[in-house]
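First comes the structure, then the notes that go with it.
Per chain, numbering begins at 1; letters A, B, ... match sequence-line order. These numbers come from the heavy atoms of this one structure, side chains and all, not from hydrogens, waters or symmetry mates.
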Amino acid sequence: MPELLEALAHPAPQVAPVLLGARLSVGGVTLRLTEVEAYGGADDAGSHAFRRTPRSDIMFGPPGRLYCYLSYGIHVCANVVTGRDGEAGAVLLRAGEVTEGVEIVRTRRPGVADHRLASGPGVLCRALGIELPANGTDLTRGPIRLELDPEPPTNSSAGPRVGLRQAATTPWRFWLPGEPTVTRYRAALARGRGRDGA
DNA sequence: CTACCGATATTCT
DNA sequence: GAATATCGGTAGA
């Protein structure tokens with residue numbers, strides 16, 4: 001469907017709220033997105049695409065592909081590439097509600113409460129079984145599918161992004177209010193090691 | 001519930 | 001050498 005690609009061919013902050021309520025399906029597991037974050041290009045100091053590197057290269061490509069990277073050297077995080085070919089942008093998938101294949105996800109995350117199965121960008125990928133090699137996957141026809149909510153949510157909230165030191169106040173995090181799967185905002189994250197200031 | 005801390009790939013200094 | 005788009009375990013209120 002070219003409809004999805006049209007929706008994604010815009011700057012990330014514009015696309016991000018539209019992705020709320022969308023379904024991401026992988027291998028029998030379906031996730032309803034409840035929390036996302038927008039990342040831009042050279043004008044966004046908090047974005048991997050602030051500078052073009054081998055890792056961020058895919059963010060400059062055509063929309064509708066998956067951008068996977070390793071966070072803190074350990075956790076896999078997944079983004080949907082947005083913007084036309086040549087325009088850098090991506091939307092980080094931060095949290096969602098498992099609507100299909102809950103029993104599969106439970107075996108991947110034993111002991112975790114259902115509403116926390118995919119509440120966070122790293123654990124979201126673990127819940128769906130997304131690994132680094134999924135980087136570059138076409139979300140319109142591959143084993144990983146993205147489908148927009150036919151009725152886009154009208155009640156989304158916006159606020160600062162999580163975990164950034166750069167451009168930390170830009171309100172490019174979007175979520176569905178009242179959803180228990182949404183990660184709680186941690187205000188005090190100044191790491192004690194290295195340096196600190198406030 | 002909150003707070004600290006270690007693991008560690010990619011990137012930058 | 002150090003920072004970062006994080007998480008889960010452990011300790012304490």
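Shown here for A:G120 and A:A95, the closest heavy-atom pair between the two residues is N-CB, 4.0 Å. Contact record, A:L5 with A:P63: CD2-O, 3.7 Å, taken as the closest heavy-atom pair. Closest heavy-atom contact between A:V29 and A:A127: CG1-O, 4.4 Å. Considering all non-hydrogen atoms of both residues, A:E37 and A:R161 come closest at OE2-CA, 3.4 Å.
For the residue pair A:E35 / A:T183, a side-chain donor-acceptor distance below 3.5 Å is found, with atom types taken as modelled. Under 3.5 Å, the side chains of A:S25 and A:T30 contain a donor-acceptor pair of N or O atoms.
Taking for each of A:Q166 and A:V112 the nucleotide of DNA chain C with the nearest heavy atom, the 5'-most of the two is the partner of A:Q166.
OP1 or OP2 of C:dG8 lies within a sub-4.0 Å distance of a side-chain N or O belonging to A:R109. Within the structure, a side-chain polar atom (N or O) of A:R165 is placed less than 4.0 Å from OP1 or OP2 of C:dT4.
Within residues 39-58 of chain A, the residues that have a heavy atom under 4.0 Å from DNA chain B are, in order of number, A:R51, A:T53, A:P54, A:R55. In the region residues 113-131 of chain A, proximity to DNA chain C at under 4.0 angstrom, judged on heavy atoms, holds for A:G120, A:P121, A:G122, A:V123, A:R126. Against DNA chain B, the stretch residues 12-23 of chain A makes no heavy-atom approach under 4.0 Å. Of the residues in residues 24-32 of chain A, not one comes within less than 4.0 Å of DNA chain C through any heavy atom.
Atom CD of A:E35 and atom P of C:dA5 are 16 Å apart (whole Å). Spacing between atom OH of A:Y72 and atom P of B:dT8 amounts to 16 Å, rounded to whole angstrom units. Note: CG (A:L70) to P (C:dC7) measures 13 Å, nearest angstrom.
Expressed to the nearest 0.5 Å, how far CG of A:L24 lies from CG of A:L139 amounts to 7.0 Å. Distance OG1/A:T34 to NE2/A:H115: 11.5 Å, rounded to 0.5 Å.
Comparing C:dG8 with B:dT10, their C1' atoms are spaced 23 Å from each other, to the whole Å. A distance of about 14 Å separates the P atoms of B:dT13 and C:dA5, rounded to the whole Å.
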Reading 5' to 3' and counting Watson-Crick or G-U wobble pairs with both distances under 3.5 Å, write the dot-bracket notation for DNA chain C, | for bases paired outside the strand.
||||.|||||||.

Report, one pair per line, the protein and nucleotides 10-12 of chain C atoms (nitrogen or oxygen only) whose separation is under 3.5 Å.
none

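For A:T137, there are no side chain to side chain donor-acceptor pair (under 3.5 Å) partners two or more places apart in sequence or in a different chain. Residues that satisfy the side chain to side chain donor-acceptor pair (under 3.5 Å) test with A:T170, not counting sequence neighbours, are absent from this structure. Applying the side chain to side chain contact (heavy atoms under 4.5 Å, CB included) test to A:N135 and every residue at least two apart in sequence or in another chain returns A:I58, A:Y67, A:C68. With sequence neighbours excluded, no residue satisfies ring-ring contact (aromatic ring centres under 6.0 Å, His included) with A:F60. Applying the side chain to side chain contact (heavy atoms under 4.5 Å, CB included) criterion to A:A16, with sequence neighbours excluded, gives A:V36, A:A38, A:V91, A:F174.
Around CZ of A:R84, the count of heavy atoms belonging to other residues, nucleotides or ligands within 6.0 Å does not exceed 12. Residue A:R109 places its CZ atom among more than 12 non-hydrogen atoms of other residues, nucleotides or ligands, all under 6.0 Å distant. For CD of A:Q14, the number of neighbouring non-hydrogen atoms (other residues, nucleotides, ligands) closer than 6.0 Å is greater than 12.
Taking hydrophobic clusters as Ile, Leu, Val, Met, Phe, Trp and Tyr residues chained together by side-chain heavy-atom distances below 4.5 Å, A:L31 shares a cluster with A:V80.
If you check every strand for non-hydrogen atoms under 4.0 Å, A:L92 touches a base. Using a 4.0 Å heavy-atom criterion, one finds that A:I74 contacts the bases of the nucleic acid, with or without backbone contacts as well.
At a cut-off of 3.5 angstrom, the base of C:dA5 holds at least one donor-acceptor pair with the side chain of A:Y69.
Salt bridge status for A:R32 with A:E97: present, with a side-chain N to carboxylate O gap under 4.0 Å.
Grouping Ile, Leu, Val, Met, Phe, Trp and Tyr residues whose side-chain heavy atoms lie under 4.5 Å apart, directly or via other members, places A:V182 in a hydrophobic cluster with A:W175.
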